[in-house]
Amino acid sequence: MFKNYVKIALRSLQKNKVYTLLNVTGLALSMACCILIFLVVQYHLSFDNFHPQRERIYRFVTEQHRDQISYVATVPPAFGQAFRNDYSFSEKVARIVTFDKELVSVVSGHEVRKFKEAAGVAFVEPEYFDIFNFPLLQGNKADMLSAPNTAVITESLALKYFGTVNADGKMLRINNKIDCRITGILKDLPANSDHHAGIFVSWASMKSYNEFFAASDSWGGMSSPLQCFTRLRPGVTVAEVEKVLPAYVTRYRPKSKNVHHYKLQPLSQVHFEARYGGAMEKRNLWVLSMIGVFLLVTACVNFVNLATAQALSRSREIGIRKALGSLRGQLFWQFIAETGLIALVAMLLAIIIATGMLPVINNWFHTKIVLSFMHDWMLWAFIPLLTLLVTFLSGSWPGLILSGFKPVTALKGKLSASHSSFAPRRTLIVLQFSVSLVLIIAMIVITRQIKYASHSDLGFDKDAVVMIGMGSNFYDNSKAQTLRKELAALPGVKNVSMCYAAPAAPQIWNTTVKFDTRSEEEIFKVSVKSADESFAPTFGLQLLAGRNMFAADSNNQALINETMLRRLQLSSPEEAIGRQITYDVNKVMIVGVVKDFYDRSFHEAISSVMITNQADQYTDYAVKINMKNLVKVVPELEKKWSAMYPEQLFEYQFLDESIAEFYDTESTMLKFIMTCSFIAIFIGCLGLYGLVSYMVAQKTKEIGIRKVLGSSISGILWIFGKEFAQLILIAFLLAAPLAWWLMHTWLQDFKYHIQLGPAIFALSIIIIAAVAVITVGYQSLRAALMNPVTSLKAD
């Protein structure tokens, strides 16, 4: 029986090639998207789930309570050692400090090869490799990082640096500060881990590298490179541990207005909690999953529409089969067999499409996903389940309709609209339109928000500014000033400033301040930006009162922004001029007030900013150039810089590019939603094709009669136009409230965002209406132009 089903199904599909092609195309595109979404979701859900006892692994994090609550994925440097000594809740405690893009030098005789590792260099306590499952290829885990100036590297880096995995005993120089002997080789870290560093240096080396992180009394501040992990003993609860942690605040920070609340974050949440820097929020995975469901439903709806539109042409076939004794159940399973064959072919095509698109998806989402049937049993389960689901979602309703035809009516070719289920098919078209409209509105809103963030006046000039790292391991004022003058003298260079990052940058230095004669520190945090006197003119900052900083050898001057002025409760900019600010161990005088500028992404409010000439904190040259001379200027910048810092690697980035990285997640989602929108619209067009095909078949004689009675072509076209106008309007009324709620919720993540005005929704309905007109126009016009004699002769 099954063999017969397949044989008849193949004949039927071969006979109706256009029908088969349309269905295979629609299903293949949606199934390919589902496969890709499944791989992305599976990849992110698998992060760091390969560690033994992972349910007992936690990261210590901090809630900072001041005038506002902020969240950081770190603790004071001294916290880890204190917790290890004071309490027995944990089996292991380990600190790790990761310095991004550190210079790594490999010395071989007189040759020095230099590398910048994007994943950074990590200083770790030995217990780190007891908590996390990163297997060794060579070395003894018990003592490989016990001594100062020792390091462990991954096999890929061993091959990169030395051409062999047998790198035990070889030397690396880290940032021209310390030389480390390699004592172990790790297997390459899995891609699905938030731990990316490939070089791990012993914690005993930290004191000579960075005293702040190594000090046992560093309770006054926190820095994001440091993380502290623990594996709790069996039976120990989070509540037990968090109950004792306030004691550290009382003991070490009793007078601070920045009240710390130390918490435990489960390892399973590290990848997902955005407030603590998680790479992928779970809600984004839900959004991707729902898009996959929408596309799949859209494709299945399209299949149903085309199948029921074809019902008229198959009515006599069904009538003959029933007259010869075929049962309804047999006819139903016959149609399911046809649908199954289409779904199977579509799935094979979907796998090819997904394989071809995977590199693009990896590039968009910054992932390293591999489509592997050999090692992924979940993919083995997902593929056949998806195929079966599509088969029954697509084939059940048409199968019931076709198998329900009455033999006499079917043989006479007198099926009515009710037999072909025209009203339910309108409902399905509305559903397709609704899905497409939601995606289109989302695409428009995200595009406009990114454009708004990228093209708004940020309060400073971000164009044609090149940021170049200073390159020195410690601040050398005479050397830095010399290079600054040389860079400024180059043709095509307008201005050069030395600073700690640009006006808007991911690097943030927050601290507390004491204003003038006030006895207590202010309750709010201040973002300190160290910069020289050229900072304001280089970036075009606007002075509201006072003057710019003068060139000086000591950090005794400061500019503040309007937000800080308001936080200090001063009534006018002039009132701040000449007043003193105390921060850390420094005292500076306010010499000017600048207009507010966006110092972070549009996700966050403008900070209280203080710009001060603390030269020992400078890390970058900001070079304002004439873009007409770009091709010539950059090589000259590199030449001058490399002559001053021959032991370093020259790197630069345009400021507008680094600001665009603030919205990397949004840009990725936009690309994906745009792709899915186009696919949904395309599949919807196939559904429209099915509906208009049915309408033309149903109204052929009616059109002929109308033409004989004098109807114009435009009048006949309106017969079809009003049908689709009604469907589009109903779909819009359903989609608009859902889309508004979804995008209103999404925009709440931005402190500064666009408004959801009528124009966005009007544009979406114009787009979908234009698509509908293009899709149905050809067949409608052909029907309107048909010779009435021909149409009246139609069976």
Does a donor on one side chain sit under 3.5 Å from an acceptor on the other, for Asn133 and His51? no
Electrostatic pair Glu91-Arg233, nearest N-O below 4.0 angstrom: no
Short side-chain to backbone donor-acceptor contact, Ser764 and Ile441, under 3.5 Å: no
In sequence, state the C-alpha distance, the side-chain angles, and the governing distance for Met280 and His44, and then conclude on side chain to side chain contact (heavy atoms under 4.5 Å, CB included). CA-CA 7 Å; Met280 174 61 75; His44 284 286; 3.6 Å; yes
If you compare all heavy atoms of Ile760 against all heavy atoms of Ile754, which two are closest, and at what distance to 0.1 Å? CD1-CD1, 4.3 Å
For the backbone of Phe99 and the side chain of Glu102, can you confirm whether one donor and one acceptor N or O come within less than 3.5 Å of each other? no
Side-chain donor/acceptor of Thr62 to backbone N/O of Gln64, under 3.5 Å: no
Does the ring center of Tyr452 lie less than 6.0 Å from the ring center of Phe602? yes
I'd like a table of donor-acceptor pairs (distance under 3.5 Å, sequence neighbours excluded) in which one partner is a side-chain atom from residues 668-675, with atom names and distances.
| residue | atom | partner | partner atom | Å |
| --- | --- | --- | --- | --- |
| Thr668 | OG1 | Trp364 | O | 2.9 |
| Thr668 | OG1 | Asp664 | O | 3.0 |
| Thr675 | OG1 | Lys671 | O | 2.9 |

I'd like to know if Glu273 and Arg59 make a salt bridge, using a cut-off of under 4.0 Å between side-chain N and carboxylate O. no
Side chain to side chain contact (heavy atoms under 4.5 Å, CB included) for Met144 and Lys141? Distances and angles first, verdict last. CA-CA 5 Å; Met144 64 185 182; Lys141 188 165 67 173; 4.2 Å; yes
Mind running side chain to side chain contact (heavy atoms under 4.5 Å, CB included) on Val121 and Thr98 for me, showing each step along the way? CA-CA 6 Å; Val121 175; Thr98 305; over 6 Å; no
Quick one: are the ring centres of Phe60 and Tyr262 less than 6.0 Å apart? no
Hey, is the main chain of Asn49 close enough, under 3.5 Å, to the side chain of Arg54 for a donor-acceptor pair? yes
Distance-only, no hydrogens or angles: does the Ser454 side chain make a donor-acceptor pair with backbone N or O of Lys451 under 3.5 Å? no
Have Gln227 and Arg95 got a donor and an acceptor in their side chains that come within less than 3.5 Å? no
Can you tell me if Asp48 uses its side chain to pair, donor with acceptor, with the backbone of Ser193 under 3.5 Å? no
Assess the residue pair Glu117 and Lys160 against the criterion (salt bridge (charged side-chain N to carboxylate O under 4.0 Å, His left out)); give the C-alpha distance rounded to whole Å, side-chain angles, the decisive distance to 0.1 Å, and a yes or no. CA-CA 11 Å; Glu117 298 302 339; Lys160 177 180 176 180; 3.0 Å; yes
Counting only heavy atoms not in Lys116, do more than 12 fall under 6.0 Å of its NZ? yes
Is the closest side-chain donor-acceptor distance between Gln748 and Thr745 under 3.5 Å? no
At their closest point, which heavy atom of Arg448 faces which heavy atom of Leu763, and how far apart are they? NH2-CD2, 4.1 Å
Indicate yes or no for a side-chain donor-acceptor contact from Asn192 to the backbone of Ser46 under 3.5 Å, with no hydrogens or angles considered. yes
Trace of the side chain to side chain contact (heavy atoms under 4.5 Å, CB included) decision for His744 with Leu756: CA-CA 7 Å; His744 174 77; Leu756 291 175; 3.9 Å; yes
Does the side-chain hydrogen bond (donor to acceptor under 3.5 Å, both in side chains) test come out yes or no for Glu661 and Ser658, once each step is laid out? CA-CA 5 Å; Glu661 290 175 1; Ser658 66; over 6 Å; no
Taking the six-membered ring for Trp and the single ring otherwise, decide whether the centroids of His271 and Tyr276 are under 6.0 Å apart. no
Looking at Arg56 and Gly235, would you say the former's side chain and the latter's main chain have a donor-acceptor pair under 3.5 Å? no
The reported gap from CD1 in Ile683 to OG1 in Thr298 (rounded to nearest 0.5 angstrom) is 6.5 Å
If you measure only the distance, is there a donor-acceptor pair under 3.5 Å linking the side chains of His195 and Tyr128? yes
Check whether Glu127 reaches the backbone of Ala94 with its side chain - one donor and one acceptor, N or O, closer than 3.5 Å. no
Does Val93 offer a backbone N or O that forms a donor-acceptor pair with the side chain of Ser90 under 3.5 Å? no
